[in-house]
Participant: 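A single structure is presented below for examination.
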Amino acid sequence: MKRTMKKAMSILAASAVLALTLAGCGNESTDPATTDDSGSASASTVSGTVATNGSTSMEKVIGNLKEQFENDNDGNVTVSYDATGSGAGIEAVVNGTADIGLSSRALKEEETSSGLKGTTIALDGIAVIVNADSQVADLTVDQIAKIFTGEITNWSEVGGADGEIACIGREANSGTRDGFESITGTEDTCKLSQELTSTGAVIEAVKNSPNAIGYASLSAVEGKEGIKALTVNGVACSEETVLDGSYEIQRPFVLVTKSDASLSTAAQAFFDYATSKDASELIRNAGAVPVAE
């Protein structure tokens with residue numbers, strides 16, 4: 001009797017061990033969503049919406065990042081882009097109408113001290129553009145400043161054909177304008193023939209005016225017909241010259257967030273992607289210079 005009971009108990013114990021072993025093996029082999037071939041956790045898709053707002057100059061960069069990020073997440077997440085200008089984008093973060101602001105200038109001290117954080121994802125050259133038929137090919141920073149402040153008013157003064165110069169610029173809240181004026185030392189002193197609200201509008205105005213001069217993001221002017229980008233102090237505006245600093249008129253592309261508040265899961269995932277090395281080629285394809293290498 002005792003021998004029979006011992007044998008039964010041994011069989012039960014062995015069965016229990018076998019069941020636990022099989023259960024463990026089953027969990028390991030049927031959960032491909034949590035492990036990859038190396039046994040480490042793999043990335044999962046996110047869902048939800050991400051609201052971005054701000055710089056019109058960042059349209060191509062954000063467009064590329066947005067499209068790839070949405071594809072990578074099987075269409076379960078939507079990234080919106082409202083092109084309102086850098087100042088409006090920064091304000092949208094402050095008032096909570098945007099998850100991430102887009103600024104084509106560095107944040108000012110008063111903005112960071114009020115609880116905002118700026119993260120640079122790329123550098124962008126500000127190309128100085130003229131009509132394609134202009135005889136002028138190169139200007140110094142000093143000449144550009146004198147043209148935009150009205151000290152130089154005729155193209156013949158800088159080697160061009162006789163003609164009154166028409167300066168085309170951006171609106172007051174534009175990051176492109178802020179960057180251009182801070183670099184050329186023309187803050188609040190520019191005398192503009194037209195003050196326009198988008199990068200595309202500036203390009204179109206210069207294209208349609210033989211005596212016009214303007215400024216626009218490198219990423220926006222590449223490949224455009226009817227205009228040409230001047231060299232500045234003999235240096236062309238290109239990815240290489242922006243990255244090595246030899247082209248003087250350049251500014252950052254910045255993601256703006258609140259320093260004391262967490263982003264939603266979807267917004268944080270997009271932010272992490274935009275600031276990663278994985279985004280570098282997309283940023284480069286948009287005509288800007290990625291900083292994550």
Participant: Please step through side-chain contact (heavy atoms from CB on, under 4.5 Å) for the pair Leu65 and Val79, ending with a clear verdict.
Facilitator: CA-CA 9 Å; Leu65 297 178; Val79 180; over 6 Å; no
Participant: Applying side-chain contact (heavy atoms from CB on, under 4.5 Å), run through Ile165 and Thr153 and close with a yes or a no.
Facilitator: CA-CA 5 Å; Ile165 300 173; Thr153 60; 5.8 Å; no
Participant: What I'd like to find out is whether the side chain of Ile100 reaches to under 4.5 Å of the side chain of Val256, using heavy atoms alone.
Facilitator: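 Answer no - side chains too far apart.
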Participant: Sort and list the pairs that fulfil side chain to side chain donor-acceptor pair (under 3.5 Å) and have at least one residue in residues 109-121, not counting sequence neighbours.
Facilitator: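 Qualifying pairs, neighbours excluded: Arg105-Glu111.
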Participant: Can you find a heavy atom in the side chain of Glu59 that is under 4.5 Å from one in the side chain of Tyr81?
Facilitator: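 Heavy-atom side-chain distance check passes, below 4.5 Å.
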Participant: Does any part of the side chain of Ile90, heavy atoms only, come nearer than 4.5 Å to the side chain of Val93, both counted from C-beta?
Facilitator: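 They are not in contact (no side-chain heavy atoms under 4.5 Å apart), so the answer is no.
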Participant: Between Asp272 and Ala269, is there a donor-acceptor pair closer than 3.5 Å when you use the side chain of the first and the backbone of the second?
Facilitator: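 Not at all, since once roles are kept as given, no pair shorter than 3.5 Å links the two residues.
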Participant: Examine Leu107 and Phe271 and state if one hydrophobic cluster contains both, with Ile, Leu, Val, Met, Phe, Trp and Tyr joined whenever side-chain heavy atoms are less than 4.5 Å apart.
Facilitator: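 Not linked; separate clusters.
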Participant: Applying a strict under-4.5 Å side-chain criterion to I, L, V, M, F, W and Y, I'd like to know whether Ile283 and Leu218 cluster together.
Facilitator: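 Different clusters: Ile283 never reaches Leu218 through Ile, Leu, Val, Met, Phe, Trp or Tyr contacts under 4.5 Å.
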Participant: Any heavy-atom pair between the side chains of Gln268 and Ser262 that's under 4.5 Å?
Facilitator: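 No, side chains not in contact.
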Participant: What side chain to side chain donor-acceptor pair (under 3.5 Å) pairs are there with at least one residue in residues 216-226, not counting sequence neighbours?
Facilitator: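 Sorted pair list: Asp124-Ser217, Ser217-Ser219.
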Participant: So Leu192 and Arg170, side-chain contact (heavy atoms from CB on, under 4.5 Å) or not? Walk me through it.
Facilitator: CA-CA 9 Å; Leu192 301 177; Arg170 289 290 305 278; over 6 Å; no
Participant: Could you go step by step and tell me if Phe270 and Val46 meet the side-chain contact (heavy atoms from CB on, under 4.5 Å) rule?
Facilitator: CA-CA 10 Å; Phe270 179 71; Val46 297; over 6 Å; no
Participant: Examine Val291 and Val61 and state if one hydrophobic cluster contains both, with Ile, Leu, Val, Met, Phe, Trp and Tyr joined whenever side-chain heavy atoms are less than 4.5 Å apart.
Facilitator: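 The answer is no; the residues belong to distinct hydrophobic clusters.
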Participant: Give a yes-or-no answer on whether the side chains of Asn154 and Ser156 include a donor-acceptor pair shorter than 3.5 Å.
Facilitator: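 The answer is yes; a qualifying pair exists.
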Participant: In the structure I gave you, are the side-chain heavy atoms of Val136 and Val130 within less than 4.5 Å of one another anywhere?
Facilitator: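 The answer is no; the side chains never approach within 4.5 Å.
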Participant: Verify the cluster assignment for Val221 and Met58: are they in a single hydrophobic cluster under the rule of side-chain heavy atoms below 4.5 Å apart?
Facilitator: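 No.
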Participant: I'd like to know if the side chain of Asn131 reaches the main chain of Lys207, judged simply by a donor and an acceptor atom lying under 3.5 Å from each other, with no hydrogens or angles considered.
Facilitator: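 Side chain of Asn131 to backbone of Lys207: a pair is present.
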Participant: Is Leu102 reachable from Val50 through a run of hydrophobic residues whose side-chain heavy atoms are each under 4.5 Å from the next?
Facilitator: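 Linked, Val50 and Leu102 end up in one cluster.
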Participant: Where is the tightest heavy-atom contact between Ala229 and Ala127, given as atom of each residue plus distance?
Facilitator: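 Here Ala229 and Ala127 meet closest at CB-CB, 4.1 Å.
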Participant: With heavy-atom distances below 4.5 Å as the criterion, would you say the side chains of Ile144 and Ile249 are in contact?
Facilitator: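 Yes, their side chains come closer than 4.5 Å.
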Participant: Of all heavy-atom pairs between Thr257 and Asp99, which one has the smallest distance, and what is that distance?
Facilitator: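 Closest heavy-atom pair between Thr257 and Asp99: CG2-O, 4.3 Å.
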Participant: Are side-chain N/O atoms of Asn71 and Glu67 paired as donor and acceptor at under 3.5 Å?
Facilitator: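 Per modelled atom types, Asn71 and Glu67 side chains form no pair under 3.5 Å.
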Participant: Do the charged groups of Arg177 and Glu171 touch, with an N to O distance under 4.0 Å?
Facilitator: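 Here Arg177 does not pair with Glu171 in a salt bridge, since their nearest N and O are not under 4.0 Å apart.
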Participant: Has the side chain of Lys228 got a donor or acceptor atom that lies under 3.5 Å from a matching backbone atom of Ser134?
Facilitator: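 Between the backbone of Ser134 and the side chain of Lys228 there is a qualifying donor-acceptor contact (under 3.5 Å).
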Participant: Can you tell me if Asn64 and Gln68 form a side-chain donor-acceptor pair at under 3.5 Å?
Facilitator: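 There is no such pair between these side chains.
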Participant: Kindly give the heavy-atom pair with the smallest separation between Thr149 and Ala145, and that separation in Å.
Facilitator: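 Reported closest heavy-atom pair: OG1-O, 2.8 Å.
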Participant: Fit a plane to each ring of Phe148 and Tyr215, take the angle between them on a 0 to 90° scale, and name the class: parallel (under 30°), tilted (30 to 60°) or perpendicular (over 60°).
Facilitator: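 If you compare the ring of Phe148 with that of Tyr215, the planes turn out tilted.
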Participant: Is it true that the side chains of Thr186 and Thr189 contain a donor and an acceptor less than 3.5 Å apart?
Facilitator: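 The criterion, which ignores hydrogens and geometry beyond distance, is not satisfied for Thr189 and Thr186.
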Participant: Testing the 3.5 Å rule here: is there a donor-acceptor pair between the side chains of Asp138 and Thr231?
Facilitator: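 Looking only at side-chain atoms, Thr231 and Asp138 do form a donor-acceptor pair, the distance falling under 3.5 Å.
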Participant: Would you give the length of the straight line joining atom NZ of Lys191 to atom SG of Cys167, rounded to the nearest 0.5 angstrom?
Facilitator: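 Between atom NZ of Lys191 and atom SG of Cys167 there are 10.5 Å.
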Participant: Are Ser57 and Thr199 linked by a side-chain donor-acceptor pair shorter than 3.5 Å?
Facilitator: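 The answer is yes; a qualifying pair exists.
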Participant: Just how far is it from atom CD1 of Ile152 to atom CG of Leu139, taken to the nearest 0.5 Å?
Facilitator: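 If we round to the nearest 0.5 Å, Ile152:CD1 and Leu139:CG are 8.0 Å apart.
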Participant: Give every residue pair that meets the side chain to side chain donor-acceptor pair (under 3.5 Å) criterion with at least one member in residues 84-96, sequence neighbours excluded.
Facilitator: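 Found Asn53-Thr84, Ser86-Ser104, Asn95-Thr97.
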Participant: Could you tell me whether the side chains of Arg251 and Thr176 share a donor-acceptor contact shorter than 3.5 Å?
Facilitator: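 Yes - a donor-acceptor pair under 3.5 Å links their side chains.
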Participant: Specify the closest pair of heavy atoms between Val202 and Gly169, including all atoms of both residues, with the distance to one decimal.
Facilitator: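 Taking Val202 first and Gly169 second, the nearest heavy atoms are CG2-O, 4.0 Å.
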Participant: CD/Gln250 to CZ/Phe180 distance, rounded to the nearest 0.5 angstrom?
Facilitator: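 Nearest 0.5 Å value for the CD-CZ distance: 14.5 Å.
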Participant: Can you measure from CD1 (Ile213) to CD (Gln143) and round to the nearest 0.5 angstrom?
Facilitator: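 One finds 9.5 Å between CD1 of Ile213 and CD of Gln143.
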Participant: If we count only N and O atoms by modelled type, under 3.5 Å, do the side chains of Asn233 and Glu248 hold a donor and an acceptor together?
Facilitator: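 Present: a donor and an acceptor within the cut-off.
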Participant: Are any of the side-chain heavy atoms of Phe253 and Leu123 separated by less than 4.5 Å?
Facilitator: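 No, every pair of side-chain atoms sits at 4.5 Å or beyond.
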Participant: CD1 of Ile168 to CD of Gln194: how many Å apart, nearest 0.5 Å?
Facilitator: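 Interatomic distance, Ile168 CD1 to Gln194 CD, rounded to 0.5 Å: 4.0 Å.
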Participant: Find out whether Tyr273 and Leu282 are in side-chain contact, i.e. whether some heavy atom of one side chain is under 4.5 Å from a heavy atom of the other.
Facilitator: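 Side chain of Tyr273 against side chain of Leu282, heavy atoms only: contact under 4.5 Å found.
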Participant: Within this structure, what is the OG1-CD1 distance for the pair Thr275 and Ile121, rounded to the nearest 0.5 Å?
Facilitator: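 Thr275 atom OG1 to Ile121 atom CD1 measures 8.5 Å (nearest 0.5 Å).
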Participant: Which heavy atom of Ala205 sits nearest to which heavy atom of Leu196, and what is that distance?
Facilitator: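 In this case the closest contact between Ala205 and Leu196 is CB-CD1, 3.8 Å.
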